[in-house]
Amino acid sequence: MEILLKLVQEGSYQEALEQIVREKQANGNSDILSILEAAVWQALDDREAMWKAVSQGLACNPENYELYYMLGDYYEPVNRQQAWLCYENAKFYCKDEEDGKMIQCRMEELEEQITPPAKAAIVILSYNSLDMTRNCIASIKENCFEESYELIVIDNASEDGSAKWLKEQQGIKLVCNQENKGFPKGCNQGIELAEPESDIFLLNNDTLMMPNSLFWLRMGLYEETQVGACGSVSNSAANYQKIQETYDTVGGYIEYALNTNIPQKYPYEERMYLIGFAMLIKREAVNRVGLLDEQFSPGNFEDTDYGIRLIHAGYRNRVCKNSFIFHWGGQSFGKKLERYKALIQKNKKIFEEKWQREFREYCTIRTDIISKMEAERRSDSLRILDLECGFGMTMAKISSEYPNAECYGIAKEEETAKIAARYGKVVQGNIESMSFPGQWEDFDYIIAAEVLENLEEPERLLRKLRDLLKEQGCLLISVSDMQRLSENTLRQLMKDTGYQVENVWYYGIPGETSEICQILMRVQKSDCNTKKK
């Protein structure tokens, strides 16, 4: 390592890179080795190689302040707010007094050029879960820089000593309600208590903040001006924010967080809304959109509603895949399951009456169809057409899973087309009667989800689509109304219009019956001649 350090100091960068390769082969990578490698690439002005070296170093040690400082240097030419956040995180982990002063000076230099990101007002609701509230707050204080947040707790008339304990704590803005005002009202109380400039971080009290969870949420929030809210992934969350990995202990999830809450090349997924268990909202967006809708009290669908309001105000909602937060889940309603189910149905009806749409239109992402794309093509520049793309959430998911993909879509209504256009090239139209734009060709995949069974002349559309596919391109078809379009009829339809069936997947109704309620089919163009009408 001494030889390498000398080479870097002398500016012998090519020799230093060769020595780095030898060091990795002999001893593996380390955060110190990554610092030296990043320094070489920074001197050579290779930003992508620098980012890769910093990322690998933080994977070795996610608490290395020098690497966060270098990450700030990486971001400074393109996003000074994100750079400031990196320097702030470096300051959090730095234990060296002199280096801490140097980092502070760098932050102050940036503050003369930009408005730095606001601190996060962490709003927590407490209700009869003292141990969880205590652990949640302890995890925040342990894993978040005290200068990066303010802590607000609204106690909703707990009867287990929560209010007494909270009153004894320092550094908490506290409201103790005499009655349980529910989640939306309690959150609104917390928002109104926050400093006027603070971003708002709604956080359930049955969560545990992990190392760098808040940092990467803030990085996501300030990645673009249009981002209005960011949400974490978790072990317990709806809206496709749940991770696939499972562990037997909290310690297992902490280890997962250490390996996950690091720089990722493609860390974001777009959503129509985010789950309110851990949702960071930009102050500008709060000022424009307003408070949570209290008609959803005591809780459920207020976060869905807020996400839709953000979308209609022109903002983006993003899931940050490199911000994992542990969530026990279901603590407030777990002992009153029937009441909880009734509340879900009640608030779902309120939501659908308010927005004049079914809830599933906002939440459905066809992960079942995406999973049938060929894994070996993940790095390819795919062209994908979603025939009825709705608000574009399936396209957004595809863009996350296949970063090089070009997504195209068709939406029935002008409103949905405008929103879906954020996630791909989208036109508004009726797929049965419209003419496809001239540049729409050579698709690797065309998605027809619950489309064919609703058409008067599916043969006509299928022949059109055949001309839009590449030679090895596939149609991904799902049919859920088997009475209107049976499997045998669908197979014959494919044969008659010039396709051959590759695979069929069957989905039954859980429980006593084995009745098939949906099929998913992947078909390719056939070389044989098709029948003409």
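Met494 is listed as a side-chain neighbour of Met521, based on a closest heavy-atom distance under 4.5 Å.
Salt bridge status for Lys354 with Asp305: present, with a side-chain N to carboxylate O gap under 4.0 Å. Comment: Glu270 engages Arg316 in a salt bridge, judged by a side-chain N to carboxylate O separation of less than 4.0 angstrom.
Atom CG of residue Leu221 and atom CZ of residue Phe201 lie 11.0 Å apart, to the nearest 0.5 angstrom. For the atom pair CD1 (Ile200) and CZ (Arg283), the distance works out to 4.5 Å, reported to the nearest 0.5 Å. Leu292 CG to Phe183 CZ: the interatomic distance, rounded to the nearest 0.5 Å, is 7.0 Å. Rounding to the nearest 0.5 Å gives a distance of 7.5 Å between CD1 of Ile325 and OG of Ser234. Note that CE of Met434 is 10.0 Å distant from CG of Leu461, once rounded to the nearest 0.5 Å. To the nearest 0.5 Å, atoms CG (Asp206) and OG1 (Thr133) are separated by 9.0 Å.
A donor-acceptor pair under 3.5 Å is absent between the side-chain atoms of Lys412 and the main chain of Asn430, judged by distance alone. Formation of a donor-acceptor pair under 3.5 Å by the Tyr362 side chain with backbone atoms of Ile308 is not found in this model. In this structure a side-chain-to-backbone donor-acceptor pair under 3.5 Å is present from Lys282 to Val227. For the pair Arg271 (side chain) and Tyr240 (backbone), a donor-acceptor distance under 3.5 Å is present. Under a 3.5 Å cut-off, the side chain of Asp155 and the backbone N or O of Leu125 do not form any donor-acceptor pair. Of the possible polar contacts, one joining the Thr497 side chain to the Leu493 backbone as a donor-acceptor pair under 3.5 Å is found. Judged by distance alone, the side chain of Glu432 and the main-chain N or O of Glu457 form a donor-acceptor pair under 3.5 Å.
Between Glu150 and Ser198, the side chains place a donor N or O and an acceptor N or O closer than 3.5 Å (distance only, hydrogens not considered). For Asn212 and Asn143, the side-chain atoms include no donor-acceptor pair closer than 3.5 Å. Residues Tyr408 and Arg383 have side chains that bring a donor and an acceptor to within less than 3.5 angstrom of each other. Side-chain N/O atoms of Asn188 and Glu192 include no donor and acceptor closer than 3.5 Å.
Residues Ile344 and Phe301 approach most closely at O-CE1, 3.6 Å, considering heavy atoms. Scanning all heavy atoms of the two residues, the minimum distance from Ile262 to Leu58 falls at CG2-O, 3.8 Å. In terms of heavy-atom proximity, Arg366 sits nearest to Ala449 at NH1-CB, 3.4 Å. Nearest approach of His312 to Glu415, heavy atoms of both residues: CE1-OE2, 2.8 Å. Taking all atoms of both residues into account, the shortest heavy-atom contact from Ile124 to Ile137 is CD1-CG1, 4.4 Å.
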Please evaluate residues Arg318 and Glu224 with respect to the criterion salt bridge (charged side-chain N to carboxylate O under 4.0 Å, His left out), reporting the C-alpha separation (whole Å), side-chain torsions for both, the decisive distance (0.1 Å), and the verdict. CA-CA 11 Å; Arg318 282 183 174 171; Glu224 290 183 27; 3.0 Å; yes
May I have the step-by-step check of side chain to side chain contact (heavy atoms under 4.5 Å, CB included) for Met209 and Phe326, ending in yes or no? CA-CA 7 Å; Met209 189 68 70; Phe326 180 82; over 6 Å; no
Run the numbers on Asp496 and Leu462 for side chain to side chain contact (heavy atoms under 4.5 Å, CB included), then give the verdict. CA-CA 10 Å; Asp496 291 346; Leu462 287 167; over 6 Å; no
Derivation and outcome, side chain to side chain contact (heavy atoms under 4.5 Å, CB included), residues Ile477 and Val523: CA-CA 8 Å; Ile477 300 164; Val523 302; 4.2 Å; yes
The test is salt bridge (charged side-chain N to carboxylate O under 4.0 Å, His left out); show your working for Lys348 and Glu352 and say whether it passes. CA-CA 6 Å; Lys348 180 172 178 285; Glu352 292 181 341; 3.2 Å; yes
Under the criterion side chain to side chain contact (heavy atoms under 4.5 Å, CB included), I'd like the reasoning laid out for Leu382 against Glu406: C-alpha separation, chi angles, the key distance, then a yes or no. CA-CA 6 Å; Leu382 302 179; Glu406 290 183 72; over 6 Å; no
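Both tests hold for Lys265 against Trp51: distance to the six-membered ring centre under 6.0 Å, angle to the ring axis within 45°.
Between Phe351 and Trp355, the ring planes are tilted. Angles from 30° to 60° get that label.
For an aromatic pair to be called close, the ring centres must be under 6.0 Å apart, and Tyr256 with Phe324 satisfies this. Annotation: Phe391 is not in aromatic contact with Tyr423 [ring centroid separation under 6.0 Å not met].
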